[in-house]
Structure formats: structure tokens, C-alpha cells
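Keep in mind that the numbers below use all heavy atoms, side chains included, and drop hydrogens, waters and symmetry copies.
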Number of protein chains: 2
Amino acid sequence: MPRREPLNRERILDAALVLAGEEGLGGLSMRRLAKALGVEAMALYNHVANKTDILDGIAERVFAEIDRADPDLPWPERLRAMALSTYRVLSRNPVVPMALVTDQANPTSLRAVQPVDDSIGALYEAGFDDDGVRQALGALNSLIFGSLLLTTAGFAREHSNKAEQDQMDVYIRRVDPAKLPHFSRALPALGTGVPEQDFERALDMLLTGLVAAAPGNQLRKGD
Amino acid sequence: MPRREPLNRERILDAALVLAGEEGLGGLSMRRLAKALGVEAMALYNHVANKTDILDGIAERVFAEIDRADPDLPWPERLRAMALSTYRVLSRNPVVPMALVTDQANPTSLRAVQPVDDSIGALYEAGFDDDGVRQALGALNSLIFGSLLLTTAGFAREHSNKAEQDQMDVYIRRVDPAKLPHFSRALPALGTGVPEQDFERALDMLLTGLVAAAPGNQLRKGD
DNA sequence: ACCTGAACACCGTTCAAGT
DNA sequence: ACCTGAACACCGTTCAAGT
């Protein structure tokens, strides 16, 4: 039977998001993606330039889901809302931070950059100069992406399979309380956190420091 | 002429660190590594289990370079010193954070985990309970690894080649000040930062928030 | 206009064979 | 004990050929 529709960019991106969600960035190959679409790998190149183009497309879509914050909120609340929305959207699509950090995607559309523009606006409003804005923006982005990437990997992994879990258990039992007293004390708690809640606590701590460092703040350290 | 030494794990790790430093994680393949050592790829498997074993070995070595902080320092200074040393060591070896985050390495040796133990000790000393320690440790690690990974990738990339730089210039010129006013205002400053200095500012902000959140602190928010 | 088959230059890894 | 060659199951991508 002949295929109904002749395949297009949007359907490729749909399938890529699904496949990446199921198999991760490593499982998203042109050949497997094509197979999921019932087509040969080479057919994809009629609709996308290459694999980077697909990852860019995915990233653009996902970034477009980030909510803009109410502009009437005070600047720290505005930063908090945008950071949290960014975290939530990207934690649902872990391929995107992965692709960004491995330089396989780089969304530049208006929709995608809009949240960054809003955040920078909030920082200027706080009274930071250009250098201060760069530092503060970098701090926020680093915390967001670091939280996402460390949650996806290793310890806090969500979809860890049985074998990995067993291996981790063996390691945990081997930790010597005499040599690593604090680590072995904290170990039971390290696995229990809800990533998003822990991120919120971390974000609040950073925002406390950001507010304290803002030029507009009357209660500066040292006053 | 016959090879002098019969190849061993240490020489493989030496060469892998050099190759990864020059070519990045993507350029570090078993075949290229073998070629650099004047041998066929399959010869490596007599001395290491697989590629993950090599990346683990690299990570172990690099983590062992992290300095321990003076235990007599107050806990915030101790956390600061260890975070900074971790950042410095890993920024010299960007493959390591990359390999960690892509789950290709997971150092677990005593030497490698020691700095984590020290940091956790500092947090217990600050009065945090188990949940607070997990959150604070996650916040610090997220900031460290986020800073490292975002610096390596995209915008702030150090070893960006001419073509990438040109492409970025074109994009920057295309940013519409009418639609992204704050972003286009900040753009000139975004490229100028010294990554390590920006990280220090970010770390200080987070530590300010951490001190404010510490149970031992007398000047709590809300008092 | 769209898709396929064959091919190229790569991967990690296994296994039998060589010295 | 150590290394190699051939092979397997993968990659992304190009290009000529088919419909």
C-alpha cells in the first residue's frame, strides 16, 4: 500500500521528539528515526538538511513552550518564574539540554530567545550593568542546565534500569564510613529528593544572593 | 623496529587525555587513540575493558587533582575553596564533565569522592539536615557543572573556529533591537567575560543564599 | 517531487588467528 | 602474553538511479 502523506519536516520532528523521549539522544539516529516513519534513512534528507537541523528544530519547538512571566511582577519574582518554567519544560525534554551542551543544537528563533530577553530585562531593571547582567544570566543558566544535566545523568537518574541500580547499590554498600564519614551519612538522603523541588530550593538560594548583589538593593553586604 | 614497551593502562590514559584535550570527547575514539599509540584498535582491549573504562580512568585521574580545603576555614570559605578548585581542575579537562553528564564516566574512587565528602561535612557543620545537605550539594554541583558545560558549548566557546565565529557574527547582526531590546543591548558584553571570574561571582551569589538559608544563621529571612 | 540502493568513511567490540 | 585481521552491527551522509 502507498504511504498516505509524502512526509514533511513537521512529521519528522514529531517522530524525533518521541524517539528521543523514549531512547534518549543516543538512541536518536537517522536510521532509527526513518524506520519509525516507515521510510529509508535517506528519505529524510529531502525534508531536513541533516541531523543538526532536526535537533535544532526540536530545540526550537521545546523552547517555544517556555512561559513568559507577568511583566508586572517585581524583577526577582519574574526571574524566578522564568527559570522555573525553563526548568520544567526542559526536564520534560531532556534531549534538548543534552543537545545544547554537546553543541548539536542552538535555537536562535525569536520565540526561543524571548525568555532570555525577558530575563536580561529583569536584570537591567535590578540595576546591574552589562558585566553584572552577563554574570547573573550566566549564573541562572548554569544552575538551570546543571540541575537538568546532573539529574538526567548518574545518581539521580529517573529511568535507571535494574542492572544500573544494582551496580549502584553494590557501590553504596562498599562506601567506607571510616574514610568517607559525611558522604556515607548523607547517602540515604541523596537518592530521595524530588529534582524539581530541589531545583526550586537551589534557585531561591541563588536569587537571595542575586538580590543581595543587585545595585538597587539598600541592604548591601558591608553597609 | 619493535615497540619498546608493551603498552599498558597508564600509557593509554596518558594518550587519551592528550587526544581528548586536542579533539574533544567526540574526537576520542578507540581507533584514533590506538593510532596515536602506534597500534591497532583491538590491542587496547588487552589493557582496558572498554571505552567507558578509559573515560572512567581519565575522570579518576582528573578528580584526584582537586585540592582539599583547609579544614580550619569556616564552612562557607571551605565550600568556596573546594568549588573553585573543582571548577579550575575540570575547566582544564572539559572532557570530564562532558563524559560525566553523558553517563560515559562515573568516578567512584576514594580520591575522587573525597572532595564531595569534605563538602558534605561543611554542610552538616553549617547545621543543615539530610534534606538540606542534599539540596545544597545539588545546588553547588549544578552551578559548577552548568558553568563548565555552558562555557564549553555554544556562545562562550573558547576554541571556536573561524567559520563558527562568522556564523555567530551573522546571527548577532540579525538580532532585531525592536523585538529583543534587552538581549541586543547585552550582546556586546555577553562575549567578553572571563569564564572563571564569572563563575566566582556566581558562586559567591549562591554562597550568600546558602549562608542565609543555613540553620545556624542568626539573621534568617523573616526574623 | 520524492524515495531507494549502494557506497564511503567512520564507530565500539568480538573472536579466531598469529607471534 | 600481547597484537592483528577480519568481521559484525552500527553511525551520518552523498550520489546516482528509480518512480
- If you pin B:Met30 and A:Glu40 to their nearest nucleotides in DNA chain C, which one's is more 5'?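 Its nearest nucleotide lies further toward 5', so the answer is A:Glu40.
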- Looking at C:dC3, D:dC3, D:dC11, which one has an atom nearest to any side-chain atom of A:Ser29?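 In terms of side-chain proximity for A:Ser29, the closest of C:dC3, D:dC3, D:dC11 is D:dC11.
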- Task: Looking only at side-chain atoms of B:Arg31, point me to the closest of D:dC11, D:dC3, C:dG12.
- Result: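 Closest nucleotide among those given: C:dG12.
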Spacing between [X] atom [atom1] and [N] atom [atom2], to the nearest angstrom:
| X | N | atom1 | atom2 | result |
| --- | --- | --- | --- | --- |
| A:Tyr45 | D:dC11 | OH | P | 12 Å |
| B:Asn46 | C:dC15 | CG | C1' | 12 Å |
| A:Leu28 | D:dG12 | CG | P | 8 Å |
| B:Leu7 | D:dC3 | CG | C1' | 10 Å |
| A:Ile12 | C:dC2 | CD1 | P | 11 Å |
| B:Met42 | D:dC3 | CE | P | 13 Å |
| B:Lys35 | C:dC11 | NZ | P | 8 Å |
| A:Leu25 | D:dC11 | CG | P | 13 Å |

- Identify whether the distance between the nearest side-chain nitrogen and carboxylate oxygen of B:Lys35 and B:Glu40 falls below 4.0 Å.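 The answer is no: the pair does not qualify as a salt bridge.
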- Is the number of heavy atoms from other residues, nucleotides or ligands under 6.0 Å of B:Arg111 CZ greater than 12?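 12 or below, so no.
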- Query: Regarding A:Thr52 and A:Gln104, is there a side-chain donor-to-acceptor distance under 3.5 Å anywhere?
  - Reply: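 Checked: A:Thr52/A:Gln104 side chains show no N/O donor-acceptor pair below 3.5 Å.
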- Is the phosphate of D:dC3, meaning OP1 or OP2, less than 4.0 Å from a side-chain N or O of B:His47?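 Yes.
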- Task: With C1' as the reference atom in both, quote the distance from C:dA16 to D:dC2 in angstrom, rounded to an integer.
- Result: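 Those two atoms are separated by 15 Å.
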- Partner of D:dA9 by Watson-Crick or G-U wobble geometry, both contacts under 3.5 Å, or none?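 Partner of D:dA9: none.
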- Whom does C:dG18 pair with, Watson-Crick or G-U wobble, provided both distances fall under 3.5 Å?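 The base-pairing partner of C:dG18, which may sit in any strand shown, is D:dC2.
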- Could you say whether A:Gly27 or A:Ala49 is positioned toward the 5' end of DNA chain D, judged by the nucleotide with the nearest heavy atom to each?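 It is A:Gly27 whose nearest nucleotide is closer to the 5' end.
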- Message: Given the ring of B:Tyr124, does A:Arg185 sit roughly above its face, with NZ or CZ under 6.0 Å from the centre of the six-membered ring and within 45° of the axis?
- Response: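 Yes, cation above the ring, under 6.0 Å and within 45°.
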- B:Glu196 vs B:Arg88, salt bridge (Lys or Arg N to Asp or Glu O under 4.0 Å): CA-CA, chis, key distance, verdict: CA-CA 8 Å; B:Glu196 187 180 312; B:Arg88 288 200 180 114; 2.6 Å; yes
